[in-house]
Amino acid sequence: MALLSEEMKKMIDQQLPFLATTGVDGSPQVGPKGSTRVYDDEHLIYYEHTFKQAYANLQQNGYAAVAVVDSNVEKGFRFEGTAVIHEDDDFANDILAKTSIFDRFPRAAVVLISIDRIYKLDNTLEAGDRIA
């Protein structure tokens, strides 16, 4: 597993992360996931409430990438790994109980992403380099 630095954690907390998945036919899907948070040094989580294409893709293959960029400093990171969907289990119930998500949505799940690789998304010649 790759470890998140304090800089990465801060960027995830302060910027809007985007989740990328792929369908079984290889078609890409990408969209903002405003609920993305650092779970611990090796995992990200987000709250799934639409249960649409990203959810279906993760059910099919579990591969996920999360990209986050601070456009003011032209620096960012891409985190790649495997996602596990938790719905109606102790893990999801414990986490979602601390949110107000059910005030807006009738159904929710927690997606836990294990970070296997981290890449730079800087505006330099090192863009795309694997750093962990």
Side-chain angles (χ1 to χ4, degrees):
M1 291 236 179
L3 296 176
L4 295 166
S5 69
E6 291 305 315
E7 176 186 28
M8 294 170 189
K9 292 176 185 179
K10 183 177 177 182
M11 192 174 291
I12 292 165
D13 184 51
Q14 295 178 350
Q15 304 299 325
L16 178 61
F18 280 73
L19 173 73
T21 62
T22 58
V24 290
D25 64 353
S27 59
Q29 188 279 335
V30 65
K33 290 295 180 191
S35 64
T36 303
R37 302 287 180 263
V38 173
Y39 180 70
D40 61 24
D41 290 344
E42 300 173 334
H43 298 88
L44 300 175
I45 61 170
Y46 78 88
Y47 313 138
E48 177 60 58
H49 59 80
T50 64
F51 297 94
K52 293 185 180 172
Q53 193 61 50
Y55 176 78
N57 290 347
L58 292 176
Q59 282 186 309
Q60 293 167 3
N61 63 42
Y63 300 125
V66 175
V68 62
V69 173
D70 183 337
S71 62
N72 292 322
V73 296
E74 298 182 330
K75 185 173 186 160
F77 302 97
R78 183 176 71 242
F79 310 98
E80 296 180 357
T82 305
V84 175
I85 300 168
H86 293 271
E87 185 177 6
D88 292 326
D89 62 14
D90 289 343
F91 182 78
N93 293 336
D94 288 346
I95 290 174
L96 294 173
K98 300 171 189 166
T99 74
S100 60
I101 195 163
F102 293 113
D103 292 347
R104 293 184 58 209
F105 304 101
R107 180 179 171 205
V110 174
V111 178
L112 180 70
I113 302 170
S114 299
I115 302 169
D116 297 322
R117 297 168 300 281
I118 302 173
Y119 298 86
K120 283 187 175 187
L121 295 181
D122 298 359
N123 187 14
T124 68
L125 294 176
E126 296 175 343
D129 286 358
R130 185 174 174 173
I131 56 176

CE (Met1) and CG (Asp116) are apart, to the nearest 0.5 Å, by 6.0 Å
Between atom CZ of Arg107 and atom CG of Leu96, what is the distance when rounded to the nearest 0.5 Å? 12.0 Å
Test your reading of the model: is there a side-chain donor-acceptor pair from Glu48 to the backbone of Thr50, 3.5 Å cut-off? yes
Please confirm whether the backbone N or O of Met11 pairs with a side-chain atom of Asp70, one donor and one acceptor, at under 3.5 Å? no
Passes side-chain contact (heavy atoms from CB on, under 4.5 Å), Leu112 versus His86? Steps please. CA-CA 8 Å; Leu112 180 70; His86 293 271; 4.2 Å; yes
Minimum side-chain heavy-atom gap Lys33-Val66 below 4.5 Å: no
Check this for me: does any side-chain nitrogen of one of Lys10 and Glu7 sit under 4.0 Å from a carboxylate oxygen of the other? no
On a heavy-atom basis, the closest approach of Val111 and Ala83 is CG1-CB, 3.7 Å
Any chance OH of Tyr39 has more than 12 other-residue heavy atoms, nucleotides or ligands included, within less than 6.0 Å? no
Phe18 CZ: over 12 foreign heavy atoms closer than 6.0 Å: yes
Distance under 6.0 Å and angle within 45° of the ring axis: does Arg104 meet both against Tyr47? no
What residues, two or more places apart in sequence or in another chain, satisfy side-chain hydrogen bond (donor to acceptor under 3.5 Å, both in side chains) together with Arg37? none
